[in-house]
Structures are given as structure tokens and as C-alpha cells.
Amino acid sequence: MSAAKDEVLEVAGRAVTISNPDKVFFPKSGHTKLDLVRYYLAVAEGALRGVGGRPMALKRFVNGAEGEAFFQKRAPTSRPEWIETVELSFPSGRTAEEIVVRDAAQLAWIINLGCIDLNPHPVRAGDLDHPDELRVDLDPVPGVSWAQIRDVAMVTRDVLKDFGLVGWPKTSGSRGMHIYCRIEPRWTFPEVRRAAVALAREVERRAPQIATSRWWKEERHGVFLDYNQNAKDRTVASAYSVRPLDDARVSTPLMWDEVPTCEAEAFTLATVPRRFAEIGDPSKGIDEAVGSLEALLELSAQHEAAGFGDAPWPPHFAKQTGEPSRVQLSRRKREDRPATPKGAVPPPAPGKTVGPTGRRRTTMPLIEIARAASETEARAGLQRWRARHAEVWSHLA
DNA sequence: GCAAGCA
DNA sequence: TGCTTGCAACGCCAA
DNA sequence: TTGGCG
Ligand SMILES: [Mn+2]
Ligand SMILES: [Mn+2]
């Protein structure tokens, strides 16, 4: 830190004071607090598409990315009059005035508070009980390859399409990926979460080697589709958020044709502004692709009828009606443990694996190379196969 | 990161 | 004036 | 009281 002087920026017609502008926020890559503010202003159009009009929890790193962080839901009482808030209510009856950002000045102001990533709720301030965003949070268990995450993302895209939704992918900037769907604000939080449970189970059904819908860590393998991130009061780091990691990695929206080859480490505070200037925001159309949860909720009803009801909720939530016992297998009372482990995923609706002749079709993906006429034809065929069976490609040793 | 309280 | 201090989320369930 | 999970 050289001169401990405030920096006053003119942003969206307002004066925003940045304290400690030269403070190093990312020691390993050298970026300062002012670098972080400048980054957010460079990608403000995209960042605001992610957080605009939404109440948000503040995660504050007042001593930089390597310092200890704390959460803050209630807006600081000392704030400019142009900082908007909205009152949220919790099940306990307590309330919180959370910040709502709509423009670049408000964005710069919260970055000055020491926020590195942005964590908005999936609702707009005008309707706090009806999310307009279904969030698919892909969380790899430790050791899972990036290739597997990409493949689960592609399978998720197919499932969403089959159920009438358009997915918008981004790296999380941490270890996984996020896929968001804009939805009509017609469903409550518990309903949106149940749609996410059904989606997670369907992705696992299609790609059982690399995807899991299981809440308990000891029962997971591959990539976990974290349906509970759609519960009320849960937030997710938004598009263009910088993550508090050494290289200042960014949660970066992607075009779907980038997903099969993207590398998360390519997107940082240092590289994303250029990308944004050159190609703009791949998620620009998200607000125009409004979908319905009806099909996923119908799938959920089928699961329920097949004996697969609700899935465990996170800690700190009251027990929900219909929720299974909130305990992992290894801690369950002996007499409550199933003799044969119950799968996480119900079978498909009938009539899907049997062809018109009644002869059973092959259910497992099968590669045939020996029949190809030439090597190039064989290679081309292999690529087509890969595109159609993303669910197992990354799993091949 | 900031404001209040204290020397 | 300058330094220190307190404060900044959600808060349940099962064994 | 401990450990579950973001
Ligand atoms: Mn995640
Ligand atoms: Mn998660």
C-alpha cells in the first residue's frame, strides 16, 4: 500500500469513494482493491444482468481474498440514500434489510465494502416469494476431473431442453459450473426446489457414472447437482463474480459450444474484461428465454408415485412435511438401514427402452469402429458418438 | 470497512 | 488526532 | 453434545 488516500470515482452520475484503493486484495496475483472495482465496472452490463433487482447477501473480505470473510445480510446503516434495500423475512420471524443493486454506482459501492463475489437471491425485489431463476449448481466431489463436469453440464443441457427449459451455463469460478434457467415467477421456493430435485435425479439416471443427486457427501460420486441451493435464503455467486482465490478467477458465462472445451482457469479478473469487450455477454438473452417448471414438476410427481419423494433439506431448515429422515446412511440406526441399498433414482417412465417391434433395444452406449471404411471416417464417427453420449465419454479411462 | 469510544 | 474495539447470516435435525 | 451441509 503506497498512498493511503481515498479514490473518488464518478460512476453512473454519482461519486463513489473507494477506501484503501491500493490495498492488495489478491497477494498471489497482485490485484488491488481498485483493480477489483475497475474490473466490475468493465463488465458492469453483464454483472448487473446477474444481480440486477435482486436482494443479495454480502460476503465481505475486508482484508482481501486471503483474509477471513464474514457474511452480512443487513445493509450497513450508514449508506448513501441511493443504496436501495428490501426487507426479507425469515421463518424465525426475524427480518433483514438487504441491499438491491441496479446500477454501476451501487455495484462499485458494495465492492468497496470488501465484497469480492456477489451473492444474489433467485428472486427480484418486487416478488420475494417467487423465484424467476432455477439454478443448477454442479459441485464436483474432490478429485473429479473438469472433463466430467463439462460432460455433466452437457447432459444437464439435454435434460433441460427435454423439459422445455433453456439453460445458460457459466463456470462457477471455483471448482464447478452453474446453469441457470429463467422461469416465470409462478412457483414458490419449495416448488422450485422440488423441480431441481427431479432434474438432478433425471441427470443422474442418464449419467449414473458421473452424476449424483445425493445430499450426503459419503454417498456422492462424480458431480453433485446441488438441488438444495434452490431453497429459500440460499444464494449462489452470480455471473461475472470474482472468486476469492489466488488467481482471481471469474464465474464466466459461456456459449454452449464453448462448454465441451472450456478451461475454468482461463477466466480471471485479468482476462475476462477483454473477452467481454470482444464477444459481449453470452447470457445476454437470458431474460427473454422465460420457461415453465410444469414439465419438471410433472416428472417430480412421477418420482413421488414411484416411491421417490422429497430429498433431505440442509441444516438450519425446519423439518419439512414429507422430508425423509435427515441423516446419512452411516449414522442411521441399524434397524432403519435398508437391507439392500435403495438407489437414488427412480426408473424411467414406461415405454422408453422398448422399440415398436417389442424387441428390447440396446440401452447402453456402444461404440463401433471396426465397421468404418476408413480411419478418418472412424474418427469422425467417434466424435459424433462423443457428442451424443457426453454422459460417459469423460468416464472412459 | 466503519463508527464509536477512549487516551 | 490516532488508536482500539465491536460488529457484520441463516439457526434445525438425528443419534 | 456432536456432526450433518452451502
Ligand atoms: Mn457450487
Ligand atoms: Mn453447492
Side-chain angles (χ1 to χ4, degrees), chain A residues 1 4 6-7 16-23 25 33-34 36-37 55-64 67-80 83 85 87-99 108-117 119-122 135-142 172 174-176 178 189 193 196 200 212-220 224-237 243-244 310-337:
Chain A
M1 268 182 278
D6 286 355
E7 176 93 15
V16 183
T17 301
I18 306 303
S19 61
N20 305 307
D22 299 325
K23 186 168 184 174
F25 257 42
K33 194 181 175 199
L34 186 59
L36 183 64
V37 174
M56 61 196 309
L58 306 180
K59 189 179 182 186
R60 298 180 60 185
F61 297 81
V62 298
N63 289 306
E68 196 178 320
F70 59 89
F71 286 91
Q72 181 167 9
K73 300 202 170 186
R74 292 167 185 82
T77 51
S78 168
R79 58 182 188 251
I83 291 296
T85 64
E87 184 174 276
L88 275 65
S89 296
F90 302 108
S92 64
R94 290 159 56 79
T95 61
E97 292 273 337
E98 287 196 4
I99 287 180
W109 189 82
I110 63 167
I111 303 308
N112 181 61
L113 289 177
C115 297
I116 293 179
D117 53 9
N119 294 272
H121 291 270
R135 295 172 168 177
V136 186
D137 176 23
L138 304 183
D139 290 339
V141 313
S172 77
S174 184
R175 292 205 53 236
H178 300 150
F189 275 97
R193 177 184 164 283
T212 180
S213 60
R214 295 196 169 225
W215 174 247
W216 303 112
K217 286 184 174 183
E218 66 180 18
E219 301 172 24
R220 294 178 191 169
F224 170 53
L225 288 95
D226 185 0
Y227 58 86
N228 272 334
Q229 214 56 261
N230 291 277
K232 190 177 180 180
D233 196 40
R234 305 285 269 208
T235 59
V236 176
R243 307 310 298 273
D310 200 359
W313 285 65
H316 313 314
F317 283 74
K319 173 89 170 174
Q320 310 287 309
T321 53
E323 182 186 356
S325 182
R326 197 183 295 176
V327 60
Q328 73 223 57
L329 206 48
S330 67
R331 292 177 61 90
R332 194 163 302 167
K333 288 183 308 187
R334 283 224 173 279
E335 59 269 32
D336 288 353
R337 289 187 207 182

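Keep in mind it's a predicted model, so treat the numbers as computed, not measured. Excluded from the calculations below are hydrogen atoms, water molecules and symmetry mates; all remaining heavy atoms, backbone and side chain alike, are included. First the proteins, then the strands, lettered A, B, ... as listed; each starts at 1.
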[atom1] atoms of [N] and [M], separation to the nearest Å:
N: D:dC5; M: C:dC10; atom1: P; result: 22 Å
N: C:dA9; M: D:dG6; atom1: C1'; result: 12 Å
N: C:dA8; M: B:dA4; atom1: C1'; result: 15 Å

task = Return the set of residues passing ring-ring contact (aromatic ring centres under 6.0 Å, His included) with A:F61 (not counting sequence neighbours), or none when no residue passes.
result = none

Taking any heavy-atom pair under 4.0 Å as a contact, classify [X]: base, sugar-phosphate, or nothing.
X: A:W313; result: nothing
X: A:D137; result: nothing
X: A:N228; result: nothing
X: A:T235; result: nothing
X: A:F70; result: base
X: A:P315; result: base

Could you tell me the separation between the [atom1] atom of [X] and the [atom2] atom of [N], rounded to a whole number of Å?
X: A:K59; N: B:dG1; atom1: NZ; atom2: P; result: 16 Å
X: A:L88; N: C:dC10; atom1: CG; atom2: P; result: 11 Å
X: A:R193; N: D:dC5; atom1: CZ; atom2: C1'; result: 13 Å
X: A:E98; N: C:dA9; atom1: CD; atom2: C1'; result: 9 Å
X: A:W109; N: B:dC2; atom1: CH2; atom2: C1'; result: 10 Å
X: A:E68; N: C:dA8; atom1: CD; atom2: C1'; result: 12 Å
X: A:H316; N: C:dC10; atom1: NE2; atom2: P; result: 11 Å
X: A:N119; N: C:dA8; atom1: CG; atom2: C1'; result: 15 Å

request  = Go through the steps for A:D233 and A:H121 under the test side chain to side chain contact (heavy atoms under 4.5 Å, CB included), then give the verdict.
outcome  = CA-CA 7 Å; A:D233 196 40; A:H121 291 270; 3.7 Å; yes

inquiry  = If you count heavy atoms of other groups shown closer than 6.0 angstrom to CD of A:E68, is the number above 12?
reply    =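 No, CD of A:E68 has 12 or fewer neighbouring heavy atoms, counting only those of other groups under 6.0 Å.
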
ask   = Quick one: does A:R332's side chain have a donor or acceptor within less than 3.5 Å of a partner on A:V327's backbone?
value = yes

request  = Give the ring-plane orientation class for A:W313 versus A:F317, where under 30° counts as parallel, over 60° as perpendicular and anything between as tilted.
outcome  =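 Geometry flag for A:F317 against A:W313: tilted rings.
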
Does [X] put a side-chain nitrogen or oxygen below 4.0 Å from OP1 or OP2 of [N]?
X: A:K33; N: B:dG1; result: yes
X: A:S78; N: B:dC2; result: no
X: A:R220; N: D:dG4; result: no
X: A:K217; N: D:dG3; result: no
X: A:N20; N: B:dC2; result: no

Any-strand Watson-Crick or G-U partner of C:dG11, both distances under 3.5 Å =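 Because no pair has both required distances under 3.5 Å, C:dG11 counts as unpaired.
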
Base partner of D:dC5, which must satisfy Watson-Crick or wobble distances under 3.5 Å = none

message = If the threshold is 4.0 Å, N to carboxylate O, is there a salt bridge linking A:D226 and A:R135?
response = no

key: Sidechain N-carboxylate O distance under 4.0 Å for A:R220, A:D139   = no

Scan nucleotides 13-15 of chain C against the protein and return all N/O pairs shorter than 3.5 Å with their distances rounded to 0.1 Å.
from: C:dC13; atom 1: OP1; to: A:K319; atom 2: N; distance (Å): 2.9
from: C:dA14; atom 1: OP1; to: A:K319; atom 2: NZ; distance (Å): 3.0

request  = Between B:dG1, C:dG11, D:dC5, spot the one nearest the side chain of A:P91, thanks.
outcome  =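 Closest nucleotide among those given: C:dG11.
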
key: Given C:dG11, D:dG6, C:dC10, the nucleotide with the shortest approach to the side chain of A:Q229   =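 Side chain of A:Q229 sits closest to D:dG6.
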
query = Where do A:H316 and A:R326 come nearest, in terms of heavy atoms and distance?
reply =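 Reported closest heavy-atom pair: N-NH1, 4.5 Å.
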
Non-hydrogen atoms of A:R234 and A:N228 that approach each other most closely = CG-O, 3.6 Å

